[in-house]
Amino acid sequence: MSFPESATIEPVGIIHTPFRQKFAIPRQPNLAGAKGQIVMQTDYANPQAFKGIEAFSHVWLLFYFHETAARGWKPAVKAPRLGGNATLGVFASRSTHRPNSIGMSVVKNEGLSVDGDRVVLNVSGVDLLDGTPVIDIKPYIPYADAVNKADDTLTSSSPIPRRNVIFTAEADRQCHALSARWPDIIPLTQDILSQDPRPAYRHKLDDDDKVYKVSLYDVDISWQIINGDVVVLSLTPLPAG
Ligand code: SAH
């Protein structure tokens with residue numbers, strides 16, 4: 001039988017994450033401890049489909065880059081980690097702009113919750129947008145998936161920034177108040193901002209006039225780079241709606 005010209009794939013679940021927009025999502029999984037809940041859909045909301053999953057500390061998620069899929073793909077893509085305008089071939093990159101728009105991430109397995117018809121796989125270390133369709137879940141099997149002597153000379157030559165994250169007194173007060181609703185808001189803000197999510201061409205600026213905003217959950221976070229540190233200025237809950 002020959003391969004069909006096209007095949008239909010339907011999501012098995014939809015993941016909920018703190019990331020409401022692409023800006024500031026870590027470039028790969030496990031760079032921040034962000035939690036995700038994969039809410040299984042229709043026929044896949046079946047605990048039998050997860051029998052044995054507790055044996056695995058990590059799982060692979062295959063997912064659809066639903067937010068960028070409509071933009072199609074190009075053979076050469078900008079590589080943010082390389083700064084400026086350097087390009088890589090799409091198949092030599094983890095760009096979201098790729099044929100078939102399929103993403104893959106290894107994430108931590110935080111266990112299955114079953115409540116009536118609702119079947120949710122909890123994970124952490126996610127780099128997925130809230131609402132991303134998950135198309136498959138597979139166990140991470142270290143004996144085959146972990147390659148001991150693998151090389152990546154490209155990324156190892158441009159490490160991810162790590163800056164100190166400082167909260168102003170105002171921001172500190174606000175985030176303690178918000179912790180009641182989102183218990184991981186403080187560590188998550190620290191993880192995300194320590195990686196300096198500014199565009200690469202601004203990374204060398206240790207004092208940046210521009211005030212940046214990211215949203216995590218329903219909270220808008222304003223921050224700035226001052227004296228080499230990330231200074232969190234304020235955390236404002238978005239109006240409900
Ligand atoms: N680990 C995955 C993703 C790498 S790219 C892989 O290697 O295939 C990571 C970026 O994907 C994030 O910075 C985020 O901006 C983007 N992203 C996450 N979910 C997305 C979605 N549903 N649609 C489009 N882009 C998404």
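Read the numbers this way: they start at 1 and go in the same order the structure lists the ligands and their atoms.
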Quiz item: Going by distance alone, is a donor N or O of one side chain under 3.5 Å from an acceptor N or O of the other, for His16 and Asp130?
Solution: yes

Practice problem: Using only heavy-atom distances, determine whether the side chains of Asp136 and Trp60 contain a donor-acceptor pair under 3.5 Å. | Solution: no

So, [X] side chain and [Y] main chain: donor-acceptor pair closer than 3.5 Å or not?
X      : Y      : answer
Thr132 : Leu128 : no
Arg163 : Ser194 : no
Gln224 : Asp208 : yes

Protein residue, atom and distance nearest to [atom], heavy-atom basis:
atom                    : value
atom 23 (N) of ligand 1 : Glu67 N, 3.2 Å
atom 9 (C) of ligand 1  : Arg27 O, 3.5 Å
atom 3 (C) of ligand 1  : Asp127 OD2, 3.5 Å
atom 24 (C) of ligand 1 : Thr68 OG1, 3.4 Å
atom 8 (O) of ligand 1  : Met104 N, 3.0 Å
atom 26 (C) of ligand 1 : Phe65 CD2, 3.6 Å

Quiz item: Side chain, backbone, both or neither: which part of Thr96 has a heavy atom under 4.0 Å from ligand 1?
Solution: side chain

Practice problem: Report the part of Tyr64 (side chain from C-beta onward, or backbone N, CA, C, O) that has a heavy atom under 4.0 Å from ligand 1; answer both or neither where that applies. | Solution: backbone

Quiz item: Does the pair Arg198/Asp196 count as a salt bridge with the N-to-O cut at 4.0 Å?
Solution: yes

Quiz item: Salt bridge between Asp218 and Arg20, side-chain N to carboxylate O under 4.0 Å?
Solution: yes

Exercise. Please indicate whether Arg162 has more than 12 foreign heavy atoms, meaning atoms of other residues, nucleotides or ligands, lying under 6.0 Å from its CZ.
Key: yes

Taking only heavy atoms of [X], which atoms of ligand 1 are found under 4.0 Å from at least one of them?
X      : result
Leu128 : 18 (C), 19 (N)
Thr132 : 19 (N), 21 (C), 22 (N)
Gly103 : 8 (O)

Quiz prompt | Leu129, any N or O under 3.5 Å of ligand 1 N or O | solution = yes

Quiz item: Where the closest heavy atom to atom 15 (O) of ligand 1 is concerned, which of Lys22, Arg94, His66 has it?
Solution: Lys22

Quiz item: Pick one: which of Ile192, Leu193, Ile186 meets side chain to side chain contact (heavy atoms under 4.5 Å, CB included) with Gln190?
Solution: Ile186

